[in-house]
Amino acid sequence: MADALMRTLAVLGSTGSIGTNTLDVVRRNRHLYQVYSLVAGYNIETLAAQILEFRPRVAVVATSEGLARLTECLTASNLARTEWPELRWGNAARVEAVRAAEVDTVISAIVGVAGLEATYEAVCLGKRVGLANKEVLVSGGSLVMEAVRKYGAELLPVDSEHNGAHQCLRAGNRAQVSKLILTASGGPFRNTPQRELAFVTPEQALNHPTWRMGNRITIDSATLMNKGFEVIEACWLFDFAPSQVDVVIHPQSSVHAMIEYSDGSVLAHISATDMRMPIQYALTYPERCDAPVPKIDWAEARKWEFLPPDYDKFPLLKLAYQCQEGGRSETCTLNAADEIAVEAFLSGQIPFPAIHEVVAETLERVPVRTPRDVGEILEIDRESREAARALIAARAGAVTA
Ligand SMILES: NC(=O)c1ccc[n+]([C@@H]2O[C@H](COP(=O)([O-])OP(=O)(O)OC[C@H]3O[C@@H](n4cnc5c(N)ncnc54)[C@H](OP(=O)(O)O)[C@@H]3O)[C@@H](O)[C@H]2O)c1
């Protein structure tokens with residue numbers, strides 16, 4: 001069994017929340033995994049520590065300055081130079097890190113479109129991809145899914161809701177599925193009156209009630225944009241129309257997804273809020289093995305609640321449905337504008353409700369088209385970011401004028 005499960009990994013985003021959880025899964029099952037490449041951004045100290053522990057053959061950072069600092073860190077360590085991985089930087093190196101013939105499995109956990117090209121490359125090479133980076137499908141869903149079909153890649157969702165849906169779908173016939181239901185915690189402002197949202201701080205927004213994640217996804221959870229991205233991601237992954245995907249607020253985050261079959265049966269996926277379970281599932285599928293996650297406390301289940309989302313208070317969720325209905329480059333612009341607006345909120349440039357305003361206005365400005373390759377997706381992404389930045393600058397100008 002161990003040999004059948006043995007996997008050689010490229011971890012894109014190894015220093016982030018998903019990346020470090022992935023490496024913890026590896027740490028606990030060293031006999032099952034080899035780490036071929038670690039790809040990080042700017043967190044050089046964490047990457048250096050990961051190199052010492054996991055001894056990859058290749059390590060990649062975002063910039064040449066980062067590479068120089070990584071070299072210093074490794075020089076200061078007692079790792080003999082002959083044991084160092086090949087050190088590289090930049091986008092071409094990220095793509096190269098998944099290309100090696102030795103790599104059979106890629107964990108895609110870079111945040112944002114910086115992970116798109118390398119993930120697309122892995123798909124085109126027919127590798128198994130454990131997909132956490134939801135921006136890959138939100139920005140380039142049509143192109144990526146076409147490549148999955150063409151090259152026979154295995155795209156296994158790591159996002160807990162999609163991972164749960166993947167598990168529920170294994171129980172029945174896809175043709176007899178009527179609905180996918182994704183749950184959402186509702187974020188830290190579920191009970192905050194709408195009029196008070198203009199005054200919430202980044203610190204309050206970063207205080208997610210049930211999950212510990214990177215900053216962008218945590219703010220996206222507070223606006224429910226994250227759930228909107230998940231609706232889009234689910235449509236691509238499982239071939240649903242947006243109208244077949246429902247969102248239900250479930251503050252305890254124990255039920256992750258439900259699949260409703262045509263006879264009215266609903267299958268639910270339930271597990272602790274620990275990303276190591278879906279990460280491990282993506283690595284061992286179709287097998288399972290022990291995971292270090294807490295078991296469900298059924299005494300707590302009597303407190304589980306299920307409520308409808310408030311689309312007026314969280315309009316980005318509605319906008320996500322509309323963009324996916326459009327079916328062209330709208331979702332790429334949605335993602336890019338949101339990333340810029342979230343950064344602006346975190347740096348105190350705009351208030352919380354303006355995240356939606358900036359995104360909606362950017363969508364009005366950027367022309368819609370059908371991207372034919374990754375280059376065109378990245379161009380639409382760049383253009384959308386510029387438009388969002390200009391809108392934020394104009395708002396700042398209007399305030400100071
Ligand atoms: N966290 C979760 O529980 C969760 C659940 C479902 C889905 N996701 C999705 O998974 C992805 C990662 O989320 P996260 O929470 O792990 O984010 P995170 O903690 O912010 O980590 C992001 C990772 O991306 C790397 N990165 C950022 N910019 C980069 C660049 N230009 N080049 C190379 N690497 C770059 C970061 O490197 P440095 O830190 O070295 O800069 C880090 O390793 C997101 O798309 C998120 O929506 C996350």
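Whatever order the structure lists ligands and atoms in, that order sets their numbers, starting from 1. A quick note: this is a predicted structure, and the numbers were derived from the prediction, not measured.
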Check each N or O atom of ligand 1 against all protein N or O atoms and list the pairs under 3.5 Å, with atom names and distances to 0.1 Å, one per line.
{"unit_1": "ligand 1", "atom_1": "1 (N)", "unit_2": "Ser17", "atom_2": "OG", "d": "3.2"}
{"unit_1": "ligand 1", "atom_1": "10 (O)", "unit_2": "Ala132", "atom_2": "O", "d": "3.3"}
{"unit_1": "ligand 1", "atom_1": "15 (O)", "unit_2": "Gly214", "atom_2": "N", "d": "2.9"}
{"unit_1": "ligand 1", "atom_1": "16 (O)", "unit_2": "Ser17", "atom_2": "N", "d": "3.1"}
{"unit_1": "ligand 1", "atom_1": "16 (O)", "unit_2": "Ile18", "atom_2": "N", "d": "2.9"}
{"unit_1": "ligand 1", "atom_1": "19 (O)", "unit_2": "Ser17", "atom_2": "N", "d": "2.9"}
{"unit_1": "ligand 1", "atom_1": "24 (O)", "unit_2": "Val111", "atom_2": "N", "d": "3.3"}
{"unit_1": "ligand 1", "atom_1": "32 (N)", "unit_2": "Arg94", "atom_2": "NH1", "d": "2.9"}
{"unit_1": "ligand 1", "atom_1": "34 (N)", "unit_2": "Ala40", "atom_2": "O", "d": "3.4"}
{"unit_1": "ligand 1", "atom_1": "34 (N)", "unit_2": "Gly41", "atom_2": "N", "d": "3.4"}
{"unit_1": "ligand 1", "atom_1": "37 (O)", "unit_2": "Thr15", "atom_2": "OG1", "d": "3.2"}
{"unit_1": "ligand 1", "atom_1": "37 (O)", "unit_2": "Gly41", "atom_2": "N", "d": "3.0"}
{"unit_1": "ligand 1", "atom_1": "39 (O)", "unit_2": "Thr15", "atom_2": "OG1", "d": "3.2"}
{"unit_1": "ligand 1", "atom_1": "40 (O)", "unit_2": "Thr15", "atom_2": "OG1", "d": "2.7"}
{"unit_1": "ligand 1", "atom_1": "40 (O)", "unit_2": "Gly41", "atom_2": "N", "d": "2.9"}
{"unit_1": "ligand 1", "atom_1": "40 (O)", "unit_2": "Tyr42", "atom_2": "N", "d": "3.0"}
{"unit_1": "ligand 1", "atom_1": "40 (O)", "unit_2": "Asn43", "atom_2": "N", "d": "2.8"}
{"unit_1": "ligand 1", "atom_1": "41 (O)", "unit_2": "Tyr42", "atom_2": "N", "d": "2.8"}
{"unit_1": "ligand 1", "atom_1": "43 (O)", "unit_2": "Gly13", "atom_2": "O", "d": "3.2"}
{"unit_1": "ligand 1", "atom_1": "43 (O)", "unit_2": "Thr15", "atom_2": "N", "d": "3.4"}
{"unit_1": "ligand 1", "atom_1": "43 (O)", "unit_2": "Thr15", "atom_2": "OG1", "d": "2.8"}
{"unit_1": "ligand 1", "atom_1": "43 (O)", "unit_2": "Gly16", "atom_2": "N", "d": "2.9"}
{"unit_1": "ligand 1", "atom_1": "45 (O)", "unit_2": "Glu135", "atom_2": "OE1", "d": "2.6"}

Set of ring-ring contact (aromatic ring centres under 6.0 Å, His included) partners for His250, sequence neighbours left out: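 His250: ring-ring contact (aromatic ring centres under 6.0 Å, His included) contacts with Trp304, Phe306.
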
May I ask you to decide if the ring planes of Tyr281 and Tyr285 are parallel, tilted or perpendicular, using 30° and 60° as cut-offs?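 Because their plane-to-plane angle lies in the 30° to 60° range, the rings of Tyr281 and Tyr285 count as tilted.
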
Are any of the side-chain heavy atoms of Arg395 and Glu361 separated by less than 4.5 Å?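 Yes, their side chains come closer than 4.5 Å.
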
Test: Arg216 and Glu135 ion pair at under 4.0 Å: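 Yes, Arg216 and Glu135 are salt-bridged.
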
Kindly list each side-chain donor-acceptor pair under 3.5 angstrom involving residues 91-106, sequence neighbours excluded, with atom names and distances?
{"unit_1": "Asn91", "atom_1": "OD1", "unit_2": "Arg94", "atom_2": "NH2", "d": "3.4"}
{"unit_1": "Asn91", "atom_1": "ND2", "unit_2": "Glu117", "atom_2": "OE1", "d": "2.5"}
{"unit_1": "Arg94", "atom_1": "NE", "unit_2": "Ala114", "atom_2": "O", "d": "3.3"}
{"unit_1": "Glu96", "atom_1": "OE1", "unit_2": "Arg99", "atom_2": "NH1", "d": "2.8"}
{"unit_1": "Arg99", "atom_1": "NE", "unit_2": "Glu121", "atom_2": "OE2", "d": "2.8"}
{"unit_1": "Arg99", "atom_1": "NH2", "unit_2": "Glu121", "atom_2": "OE2", "d": "3.3"}
{"unit_1": "Glu102", "atom_1": "OE2", "unit_2": "Arg57", "atom_2": "NH2", "d": "3.3"}
{"unit_1": "Asp104", "atom_1": "OD1", "unit_2": "Thr8", "atom_2": "N", "d": "3.1"}
{"unit_1": "Asp104", "atom_1": "OD2", "unit_2": "Thr8", "atom_2": "N", "d": "3.3"}
{"unit_1": "Thr105", "atom_1": "OG1", "unit_2": "Arg7", "atom_2": "NH1", "d": "2.8"}

Applying side-chain contact (heavy atoms from CB on, under 4.5 Å), name anything that partners Ala222, two or more places apart in sequence or on another chain.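 Result, side-chain contact (heavy atoms from CB on, under 4.5 Å) vs Ala222: Pro188, Phe189, Ala205, Phe352.
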
